Structures are given as C-alpha cells and as structure tokens.
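Here the structure is laid out as structure tokens; the discussion comes afterwards.
Read the numbers this way: they start at 1 and go in the same order the structure lists the ligands and their atoms. As the structure is a prediction and not an experimental result, all values here were calculated from the model.
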Amino acid sequence: MKLTSKSVALIPIIATVATAVVGATLISPPVANAATTLSAAAQQSGRYFGTAVAANKLGDSTYVGILNREFDMVTAENEMKMDATEPNQNQFSYGNADRIVNHARNQGKRVRGHALAWHSQQPGWMQNMSGTALRNAMLNHVTQVATYYRGKIYAWDVVNEAFADGSSGGRRDSNLQRTGNDWIEAAFRAARAADPGAKLCYNDYNTDDWSHAKTQAVYRMVQDFKSRGVPIDCVGLQSHFNPQSPVPSNYQTTLQNFANLGVDVQITELDIEGSGSSQAQNYQRVTQACLAVARCTGITVWGIRDTDSWRASGTPLLFDGSGNKKAAYNSTLDALNAGGGPGPTTTTTTTTTTTSNGPGPGGCTATVSLNQWNEGFVATIKVTAGSSALSGWTVTTTLSNATVTGSWSANRSGNSGTVNWTNVDYNAAVPAGGSTEFGFQGSGNGSGLNPSCAAR
Ligand code: G2I
C-alpha cells in the first residue's frame, strides 16, 4: 500500500526509541607533562602530529620505527593521487594506498587522504580529456575513491593547488579549470556524498603569507563556499619553506583568519630547508603558530628523514638520514610540550539514535550518526525499509538549537525547527530490508534530532 501523507500521520509513530552514545572524546586543555614523542606532545592539546609516508619504505625498519613511535596521522605521499588510484579509466588500483592505510590503522593512527582532484599527477588518459567528459571523469574519480575509503579517512584534500601563483589572485589554468569555475565545489559535493564522515579540505602552497594575492584568493573562495553551504571543513596550508620562501611573519594571522571563517586549519606538508638552530627556530615558530590558533588541529611534516624528502638536498625534515633527531625535532617537541594557547577544545561525540514507526509492511526506520564539534556537526541519516520495499520516504527531524547549512541526497523543507527530508529520484526506491543514506551539515548543536521515518 502506498501511504498518503494523511495516513502516515495516523501511524503510531515512535514505537521504539533507542539512543546510544557510541563514542565520546573530550579533549582537555594542555597539561604540563613533558611528552617524549611528537604525537604524544601534540595530543596534550587535542592535536595530531603526522607525516607523509611512502609505501615503498614500509620495509625499512628505521623508517617504520620512527613512524610508529612519533606520528599519529599519516598521509600517503603519492599513493592516493589520481595517477596511482585510477591508472586506466574506471579501473581503480589501491594496492600501495592500502598498504599505507592498513599500516596506519593497525598502529592506531589516522589517515589524511591526499588528493582527490589535482591538475598534476593525473593519469595519462585524463590529461588529454576536456569539457563534460573530463568533468564527469573527475567526479567519478572523487566518488569512487572517497567511497572506497569511506569511514577510514580523517580529512581529504579534495582539491589540491587550484590557484595561480603570483599577483593575479585567480585560478590556475588547467584542464579541470577549463571545465568551468564550479569544478571545485562540484568535487567537494561529490566527496561529501561519498564519505560524509571525512573532513573536506582545500589544500595549497604559497598560501602562508596573509598579504599574498594567492592567500587572499583562497580565503575568498572559502568564504564564498561557507556562505553558500558548499561543504568545506578545512583548509590545508602545505607550508613548504626555504630561504626564497621563508616562514612569513604573519603566518599565525593567516591561520587565524582562515579559522575565523568557520573551518579547521591544518598544516599539511611542512618542511623547512636549512639546518641547526635557524631551522629549529623556524620549526618552533610554525608549531607555536598552530598551537595559538584553536582550530589549527594538527601538523603534518612531508616525510620522516631528510633523505626521504622530495627536497632531500635542503635537509628540511626533523630526522637526519640515519634517523637521528635533529635540533628541529627538539624545538618542535619543546614547543608542543609548552602548549601556547587553548587547543581545539572540541567535544566530538558520535551518537546513534534510532526512531522507528514499526518495521511492518510499509514501515521504515531512521537512524542518525552525528559528528558534533564545537560549533557544528555533520549528521548522516540511514533510512532502512521494513519488510516491504519503499517507493519513497520522508524523514522528520527536530533541529531545536541548530541550523542546516548544507545537505546531500535528500530534499528538505527548511533549515531549522521541524525539518522534513524526502527522497531524491535516485534513492526513492529502497528494497525490503535495504537502506539508503542522506546527510547534512549544520551550525549549532545537532543533538536531539530524533529522526522518524515514514513511507510515502
Ligand atoms: O611537490 C611537493 C608536494 C607539493 N604539494 C603536493 C604534494 O603531493 C607534493 O608531493 C610530491 C611528492 O613528495 C613527490 O614524491 O609530489 C611530487 C609529484 O608532484 C612527487 O614526486 C614524484 C616524482 O615526480 C615522480 O617522478 C615519482 O615517480 O614522486 C614519484 C614517486 O616517487
């Protein structure tokens, strides 16, 4: 029987309500204990300390020893890039990326995904594409890769290096850019739909100096995305520094200004060429700048030993070629231990709530998984059909202290108070016992959504 909205209202809704807090992490402010590893020191203020990892070095015991001991976040240096994961169109290859992800997860470390869409390191077949075919191929890539790693990635660099260097303040020309200026937001929307639990970042270099045109251009894009509800959660500053491109004096200002837009900030590829005390001081400054910005959630260095670096001759990392700690290591560790301001004192809770109108014929169940941080949340709602198939569904949620800022895979009636969500075309049909998902992000407190589901 197809239920009308009137008959739905007569169903004795809420036969069962179950709420379970499945995970709650309260990150406390810095404490005075001196930790002896980078990750333990960073964790004192709720931050992470990560590194880029190359799959072909996972057999090197010195490398792996340092990795396992010092870092709690891992980025694949090359193995998740487009050429590595989709070498032939629609044929995906995850072997090396999986080696890194599995190693990290087995060691209790989190993973930053790098990178879903980029003008560089495209597979050959993509380099020659243009227009709609390229746009679709890019979106398919984003969807497939983010879906494959769904639930395993802390943050994705969804789009990498899309802005031009120099004073133009515009986008970088590329085959992707020539598919239309909205290619970046299209990629973010596809990533959100594929993995609603991952933070979605825009990542770039030469965006460290607040006065640079490129920094300003990225800032305006993020501001625009936030104002229009395009799903973006973080900005990655690669932070590759050398004598020609030193740590700018306004670096902390840049971090703070991005954070003020309502996104996390992450230092994603840090390396600083040099040696001795000047290098150590630069590392210390960068670390202190992050610690001084509450939403600077972590630092990743772009490799472990100097010899692992893409710029090995500049000895830009924290360990020498033999794996010994350098002065820069000690200054970084000391800076992390000293604290330097409030951490991202985020209470992150993951809550699963089930509300059901009965699993009988025509019935459905809605459950919510909520990722809540200081000022906002992402809610993922799973709609499960009862013993008969659905040809459409409505989920009702209550947003008492929250406002929806963006949503995917459902139509909605409003953005606060009682909000009704109805299926879109492609997820209307749900087989008996099957399920589908939609989601939304919001500002404020997303607890107490109490979703109820009805067939339509
Ligand atoms: O260039 C430094 C980084 C700038 N930001 C984005 C990062 O993804 C980028 O990483 C570097 C890797 O560290 C290099 O390892 O990206 C380079 C390519 O754009 C990587 O270099 C490539 C070489 O160009 C290839 O010839 C080589 O096969 O590394 C590949 C794997 O070793």
closest protein heavy atom to atom 17 (C) of ligand 1 is Gln121 OE1, 3.7 Å

Suppose we measure from atom 16 (O) of ligand 1 to each protein heavy atom; which comes out shortest, and what is that distance?
Lys81 NZ, 3.0 Å

Gln238 pairs by side chain to side chain contact (heavy atoms under 4.5 Å, CB included) with which of Thr207, Asn160, Leu270?
Asn160

If I apply the N/O under 3.5 Å rule, does [X] come out as touching ligand 1?
| X | result |
| --- | --- |
| Glu269 | yes |
| Asn78 | yes |
| Asn160 | no |

Using a strict threshold of under 4.0 Å (side-chain N to carboxylate O), is an ion pair present between [Y] and [X]?
| X | Y | answer |
| --- | --- | --- |
| Glu185 | Arg228 | yes |
| Arg305 | Asp308 | yes |
| Lys152 | Asp195 | no |
| Lys81 | Asp157 | no |
| Lys214 | Asp204 | yes |
| Asp72 | Arg110 | no |

Hey, which atoms in ligand 1 end up nearer than 4.0 Å to a heavy atom of [X]?
| X | result |
| --- | --- |
| Glu77 | 12 (C), 13 (O), 14 (C), 15 (O) |
| Gln238 | 4 (C), 5 (N), 6 (C) |
| Glu161 | 4 (C), 5 (N), 6 (C) |

Heavy-atom contacts under 4.0 Å between Trp302 and ligand 1: side chain, backbone, both, or neither?
side chain

Counting neighbours of NZ on Lys382 that are heavy atoms of other residues, nucleotides or ligands and sit closer than 6.0 Å, is the number greater than 12?
no

Can you confirm whether some protein heavy atom lies under 4.0 Å from [atom], or whether none does?
| atom | value |
| --- | --- |
| atom 28 (O) of ligand 1 | no |
| atom 19 (O) of ligand 1 | yes |
| atom 12 (C) of ligand 1 | yes |
| atom 24 (O) of ligand 1 | no |

Check: Trp421 ring centroid to Phe440 ring centroid under 6.0 Å:
yes

Please state whether His240 comes within less than 4.0 angstrom of ligand 1, counting heavy atoms only.
yes

